[in-house]
Amino acid sequence: MSHFPQDRRIDYVEFTVPDVEAAKAFYQRVFGWQFTDYGPEYTSFFDGRLSGGFQQGPAKGPGGALVVLYARDLEAIEASVVAAGGRVVRPTFDFPGGRRFHFVDPCGQELATWSDQPPAK
């Protein structure tokens, strides 16, 4: 490994979306991300740890790399995803180390959210 902390680490994640404003609204509402606009066709986001961007362009379907987000309260995030216009495409399932579900955002991007916390009682 390099002696530089950012060397060989994921540094930025970029999504192509048909509607930058819709993407911003969804991720701000569900996950509280912050945005910096660079014109009408590009915005960068910061989730508190990782940066990325939304580029205006044709919708991409599921497939390719899967971005996985973490949430302490998985059920609350799932409800928030649905309330914000997302669609659950793989219901919550258990795996060694936790639970997760997959969703498609209003722009057609498939992501997953996982938690190592048990369901709230």
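Since the model is a prediction, treat every value here as computed from it, not as a measurement.
- For the residue pair Glu78 / Thr92, a side-chain donor-acceptor distance below 3.5 Å is found, with atom types taken as modelled.
- Checked by atom type and distance alone, the side chain of Arg29 pairs as donor or acceptor with a backbone atom of Ala83 at under 3.5 Å.
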Pair Thr113, Arg100 - check side-chain contact (heavy atoms from CB on, under 4.5 Å), show working. CA-CA 5 Å; Thr113 303; Arg100 80 179 195 196; over 6 Å; no

Step-by-step side-chain contact (heavy atoms from CB on, under 4.5 Å) determination, Glu110 to Leu66: CA-CA 7 Å; Glu110 182 176 346; Leu66 178 67; 4.3 Å; yes

Show your reasoning for whether side-chain contact (heavy atoms from CB on, under 4.5 Å) applies to Phe35 and Phe46. CA-CA 7 Å; Phe35 295 90; Phe46 181 65; over 6 Å; no

Step by step, would you call Trp33 with Phe26 a side-chain contact (heavy atoms from CB on, under 4.5 Å)? CA-CA 9 Å; Trp33 293 358; Phe26 178 82; over 6 Å; no

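- In this structure, CD1 on Ile77 lies 8.5 Å from CG on Leu69, to the nearest 0.5 angstrom.
- Phe103 and Val82 fall within a single hydrophobic cluster, where Ile, Leu, Val, Met, Phe, Trp and Tyr are joined by side-chain heavy atoms under 4.5 Å apart, directly or via other members.
- Side-chain contact of Gln109 with Tyr27: a donor-acceptor pair under 3.5 Å is absent, judged by distance alone.
- Pro40 places none of its side-chain heavy atoms less than 4.5 Å from the side chain of Gln56.
- Within the 4.5 Å cutoff, side-chain heavy atoms of Val67 are placed close to those of Phe15.
- The pair Asp37-Lys24 counts as a salt bridge, with a side-chain nitrogen and a carboxylate oxygen less than 4.0 angstrom apart.
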Take Tyr42 and Glu14 through the test side-chain hydrogen bond (donor to acceptor under 3.5 Å, both in side chains) and record every step on the way to the result. CA-CA 10 Å; Tyr42 196 88; Glu14 193 169 272; 2.6 Å; yes

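- Linking Ile, Leu, Val, Met, Phe, Trp and Tyr residues whenever their side-chain heavy atoms come within less than 4.5 Å places Val88 and Phe31 in a single cluster.
- Annotation: Phe93 is not in aromatic contact with Phe101 [ring centroid separation under 6.0 Å not met].
- With rounding to the nearest 0.5 angstrom, the OG1 atom of Thr43 is 7.5 Å from the CD atom of Glu21.
- Here the CG-CZ distance, from Asp19 to Phe54, works out to 11.0 Å after rounding to the nearest 0.5 Å.
- Of the possible polar contacts, none joining the Ser115 side chain to the Arg99 backbone as a donor-acceptor pair under 3.5 Å is found.
- Taking the ring centroids of Trp114 and Tyr70, they lie under the 6.0 Å cut-off.
- Under the 4.5 Å side-chain heavy-atom criterion for grouping Ile, Leu, Val, Met, Phe, Trp and Tyr, Val20 is connected to Val13 within one hydrophobic cluster.
- When hydrophobic clusters are built by joining Ile, Leu, Val, Met, Phe, Trp and Tyr residues whose side-chain heavy atoms come closer than 4.5 Å, directly or via intermediates, Val30 is grouped together with Leu50.
- In this structure, Tyr12 contributes its side chain and Ser51 its backbone to no donor-acceptor pair below 3.5 Å.
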